Amino acid sequence: MLRVPMLSPVGESDLEYQPVDVQLDSLDKDTPPDSDDDDNGNEGNDDDEYGLVEDGTGRSGRGGRGRRQRRSRDGRHGAAPDADLLTSSIVPTTDDPNAPSLTLRALALGTAWCVFLGAVNAILAFRTTPFSIPSFLATLLSYPMGIFLATVVPRREISICGYKWPTNPGRFGIKEHVLVTVIASAGASVGYGIDNVVTQKSAMFMGNTDITFLESLLWVLTTQFVGFGMAGLARRYLVKPRSMIWPGILSTVALFVGFHAEHSNDTRSQYKLSRFNFFWIAFVAAFLYTWIPQYFMVALQSFSPLCLLFAGSRWIKFLASTENRYGVGIGGLTLDWYYIGGGQLTTPWWATINMLASNVIFAWVITPLVFYANAFGADQKLHVYKYPDGTPIPVLNSADLFNASGNRISAVKLYQLPSFDLNETVYKAQAPIYITSFFALVYATSFLSIVAAFVHVFLWHGTEIWEQARAAFASVDDSLADMASDLEQNLGLGGRSAAAAAAAAARKAGATGDIHNQLMASYPHVPERFFALLLAALVGLQIIISQTTPFEMPVWAVFLCLFMAALSVLPIGIITAVSGQRLGLNVLTEFVIGLLIPGKTVAVMAFKSLGTNSVIQAITLLSDLKLGHYLHINPVHMVLAQLYGSLVGAIVNTATTFWVLDHMGSVVGTGDWQATNYFIFFNAGAIWGAIGPARFFGIGSPYAATLWFFALGLLLPVVPWALDKYWLPSPMWRLVHVPLLASFNGPGQFQNYFVVPFAVAWFFQRFLFERYHGWWAKYNYVLAVALDSGVGICVLLITLIGQWGIEAPVWSLNPDIGRGVPIDYYCMERDYKVS
């Protein structure tokens with residue numbers, strides 16, 4: 001499944017939002033799918049019928065949101081459209097079962113991209129502001145690569161394990177292309193279990209250097225694969241029913257259809273440059289430009305105009321500083337695409353507004369108010385650094401822990417080595433442990449967002465979910481009834497009625513009237529016993545790992561964790577399949593296990609990763625299976641591609657992570673390589689594990705007030721829903737998305753992602769979309785991935801140059817951040833070089 005960076009706070013958010021409206025709006029009845037005229041009246045080409053669009057899952061596909069917003073049958077904007085209306089103009093209803101799918105060249109291309117993306121993104125995960133090269137790069141470039149191989153590779157057969165494989169089955173087809181993407185993207189996303197490996201092994205954190213590569217790999221593999229067993233058992237509920245639409249993948253379907261449509265051409269387009277050539281032009285431009293802010297003039301990455309305008313005011317400079325461990329970056333700017341990102345071109349405009357409002361409200365307004373009100377008791381005495389005259393500089397933008405005196409404390413000091421359990425004596429001497437106002441609000445809003453997400457979905461999608469869940473379960477009940485009747489008849493216990501037999505025959509022949517189920521009947525299906533055996537084997541392996549490796553937890557905790565995950569797959573899967581929102585279990589799992597075994601840091605972190613990633617992987621496989629269902633790909637091939645890609649990705653991710661820890665130790669932890677995600681995961685282990693939620697958030701603790709945000713999560717989503725339903729009906733209320741409004745980026749990275757990213761989003765998602773729609777539909781999403789890819793490759797090369805000891809000259813626009821100089825040193829009254 002293609003993925004892009006999530007629209008969520010770094011490290012500790014429960015909500016992964018997958019925008020739906022980008023494809024729903026494009027299905028306007030009044031704007032047929034083959035109409036892509038630009039605003040100057042120029043007729044679009046057939047290629048633009050399937051413009052490249054990314055939804056919140058990172059999948060790329062259909063462009064061109066219709067000029068008029070779609071209205072449902074009851075006349076109100078946003079009501080759930082019928083499944084057939086959503087899919088009929090996008091999803092193909094014909095199939096060639098003989099078309100090649102899992103071929104040698106698909107495996108070769110998928111493996112190459114899986115290794116490349118898995119290695120690069122594992123390195124980039126250590127950045128201060130985490131970044132990843134989108135797996136859409138593999139989708140885009142594997143297409144011409146596949147065509148090239150189809151042209152030059154000789155046609156012959158080779159025997160592998162007793163099976164004959166054609167080296168060149170002919171034209172590079174859509175099914176091969178999808179499988180290449182599935183394999184590549186399975187490795188492109190760094191597994192959640194890697195967080196445990198880094199935090200337990202790295203000298204920056206726990207420093208357990210005895211952890212071996214094999215132990216780490218087995219841990220990552222189990223956390224990646226357990227969810228697949230759960231997904232396989234949920235297929236009948238979430239893949240086969242027509243009512244389970246999975247709107248997040250419709251744009252992906254359109255992308256692949258657009259790539260492989262025989263009639264695609266550029267002859268009628270006003271814009272003659274092909275998307276492929278446009279990609280390389282933008283890629284090279286991004287690669288060359290990135291050298292300026294990432295190597296020669298790093299001050300352009302993040303700078304604070306207010307610090308320069310109000311040089312005499314320390315409190316303004318404090319709030320305006322964008323640097324990690326300082327302020328909240330009020331008015332902060334960036335001229336580096338690394339901090340802007342292609343997501344600003346692909347995220348729906350309404351979601352961008354919600355996210356901007358969230359960050360401005362919580363980071364620039366509520367956080368300073370909480371800080372100066374000393375709401376948590378010690379907000380203003382926390383500090384990390386001092387001004388040159390010795391005055392402590394207060395801190396907001398930090399995920400550090402602080403002791404009762406306000407001094408930063410490493411979580412390792414709270415541990416009893418080598419078990420990393422809480423050292424009660426040390427804790428009592430340092431207690432209470434504090435976090436910054438900024439960090440506390442991240443946790444508070446995570447409480448709000450998880451509850452608000454369920455309430456929002458219940459209010460706006462409750463009827464749809466209930467009806468579609470009933471339809472899904474009804475299909476299962478029918479299948480069970482048919483099986484029972486067949487068994488009774490075979491045992492001579494009586495047959496079914498004529499009406500029941502006729503209904504059963506109709507179901508089997510017509511697959512409940514769904515053309516895709518009828519077409520998929522031509523293919524073998526992976527039996528559920530395979531997934532049951534896979535799940536059982538992995539549970540057994542996980543128990544062995546939990547008892548024999550440093551990733552330890554009690555046996556009962558393994559069963560509880562997997563029970564919580566298995567129980568969550570179906571409701572979360574239904575929500576995702578209907579509304580496009582996917583919920584996570586990270587904070588919930590931490591909360592539960594932290595209450596049950598307080599003081600056990602490693603066990604809490606392991607429980608969290610296993611539970612959270614099991615659901616993530618289950619939803620990923622189900623989404624891919626639905627993609628294969630829509631494009632009529634052999635389910636056996638889809639499952640094999642996902643399993644193979646995850647296996648290769650786990651090996652590559654783990655090996656690359658070990659390489660970083662062994663060879664980049666002097667770089668990681670400084671400048672642009674502060675490993676923010678891992679740092680937050682590490683300190684979360686101390687908060688939820690060593691200290692425990694009862695001590696940290698319970699009654700009488702400094703942060704007990706954050707628990708009220710659970711109640712806010714119940715109440716706030718009701719406000720826009722009630723206004724729309726009873727007082728001020730408007731389609732705009734549906735776009736006031738409380739879970740998104742409660743999801744802000746949080747501390748630990750440069751606070752520069754408000755002003756410039758918002759301006760970029762407005763330019764592409766509003767101005768170009770409305771004024772030059774033909775250009776937007778053809779190039780916008782290609783530009784997004786081209787810029788991200790060029791930046792990612794450039795950053796990787798700069799990293800290698802740094803490893804070789806080649807450094808750019810230090811000057812006022814290139815401060816010595818590698819030796820601890822803040823990137824906006826002028827806010828802290830410091831020099832740009834180390835004295």
Side-chain angles (χ1 to χ4, degrees), residues 114 118 122 125 186-187 189-201 208 210-234 530-569 584-586 589-590 592-593 600-622 624 639-658 678 681 685 689:
C114 183
S189 222
V190 180
Y192 205 89
I194 292 291
D195 288 47
N196 301 74
V197 175
V198 173
T199 52
Q200 288 183 232
K201 182 176 175 62
N208 184 359
D210 293 333
I211 295 176
T212 67
F213 175 79
L214 181 60
E215 291 171 335
S216 301
L217 178 60
L218 289 174
W219 163 254
V220 173
L221 284 173
T222 53
T223 56
Q224 289 289 87
F225 278 85
V226 167
F228 291 158
M230 299 176 185
L233 300 175
F530 167 81
F531 292 103
L533 290 173
L534 175 66
L535 180 59
L538 288 167
V539 170
L541 179 59
Q542 179 58 56
I543 291 173
I544 294 173
I545 291 172
S546 69
Q547 299 302 301
T548 61
T549 74
F551 307 103
E552 59 189 30
M553 64 176 129
V555 174
W556 63 263
V558 174
F559 286 106
L560 174 61
C561 178
L562 297 180
F563 175 75
M564 289 177 60
L567 207 61
S568 303
V569 167
L585 292 184
N586 50 337
T589 51
E590 288 173 317
V592 171
I593 195 65
K600 300 291 185 180
T601 307
V602 173
V604 169
M605 294 195 303
F607 188 97
K608 167 188 176 179
S609 290
L610 180 60
T612 301
N613 206 47
S614 294
V615 176
I616 291 173
Q617 291 296 93
I619 301 303
T620 297
L621 178 59
L622 289 164
D624 283 340
V639 171
L640 288 175
Q642 186 71 43
L643 294 176
Y644 173 72
S646 296
L647 173 63
V648 174
I651 296 171
V652 172
N653 288 166
T654 308
T656 305
T657 298
F658 265 66
Y678 298 126
F681 185 90

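On a predicted model such as this, the values are computed, not experimentally measured, just so you know.
Listed by chain and residue number, S609 satisfy the side-chain hydrogen bond (donor to acceptor under 3.5 Å, both in side chains) test with N196 (two or more places apart in sequence, or in another chain). The side-chain hydrogen bond (donor to acceptor under 3.5 Å, both in side chains) check on K600 picks up D421, with sequence neighbours excluded. In this structure, the side chain to side chain contact (heavy atoms under 4.5 Å, CB included) partners of L233, at least two apart in sequence or on a different chain, are E528, F531, A532, L535. Scanning for side chain to side chain contact (heavy atoms under 4.5 Å, CB included) contacts around A231 gives A618, L621, L622, with sequence neighbours left out. The side-chain hydrogen bond (donor to acceptor under 3.5 Å, both in side chains) check on T222 picks up Q542, with sequence neighbours excluded. Remark: Y644 pairs with no residue by the ring pair (Phe, Tyr, Trp, His ring centres under 6.0 Å) rule, at least two apart or across chains. Qualifying side-chain hydrogen bond (donor to acceptor under 3.5 Å, both in side chains) partners for T612, counting only residues two or more places apart in sequence or in other chains: none. Scored by the side chain to side chain contact (heavy atoms under 4.5 Å, CB included) test, A557 finds M553, P554, I593, F607 as partners (sequence neighbours excluded). Taking the side chain to side chain contact (heavy atoms under 4.5 Å, CB included) definition, one finds that N653 meets it with A122, V190, I194, sequence neighbours left out. Applying the ring pair (Phe, Tyr, Trp, His ring centres under 6.0 Å) rule to F213 yields the partners F658; only residues at least two apart in sequence or on another chain are considered.
The distance from the CD1 atom of I544 to the CG atom of L218 is 9.5 Å, given to the nearest 0.5 Å. One finds the CD1 atom of I651 at 6.5 Å from the CG atom of L221 (value rounded to the nearest 0.5 Å).
For the pair G685 and T601, the tightest heavy-atom approach, listed with the atom from each and the gap, is O-CG2, 3.5 Å. P550 and Q200 make their closest contact through O-NE2, 3.1 Å (heavy atoms, listed as atom of the first residue, atom of the second, distance). Nearest heavy atoms, L647 versus F225: N-CZ, 3.6 Å. In plain terms, the two heavy atoms of C114 and V648 that are nearest each other are SG-CG1, 3.8 Å. Annotation for V615 and S568: closest pair CG2-CB, 4.3 Å, computed over non-hydrogen atoms. Of all heavy-atom pairs spanning E215 and D210, the tightest one is OE1-O, 4.0 Å.
Proximity of L538 to F228: side-chain heavy atoms (C-beta onward) are nowhere separated by under 4.5 Å. With contacts defined as side-chain heavy-atom distances shorter than 4.5 Å, the pair L562/M230 qualifies. Side chains of I211 and S216 form a contact here, defined as non-hydrogen atoms less than 4.5 Å apart.
Put simply, the side chain of N613 gets close to the backbone of T223: a donor and an acceptor are under 3.5 Å apart. Checking side-chain atoms of Q617 against main-chain N and O of Q224 turns up a donor-acceptor pair under 3.5 Å.
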Determine, stepwise, if the pair Y192 / N586 fulfils side-chain contact (heavy atoms from CB on, under 4.5 Å). CA-CA 10 Å; Y192 205 89; N586 50 337; 3.7 Å; yes
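In this structure, F551 and W219 have parallel ring planes: the angle between them is below the 30° cut-off, well short of the 60° mark.
Within the structure, side-chain hydrogen bond (donor to acceptor under 3.5 Å, both in side chains) contacts touching residues 546-557 (residues at least two apart or in different chains) do not occur.
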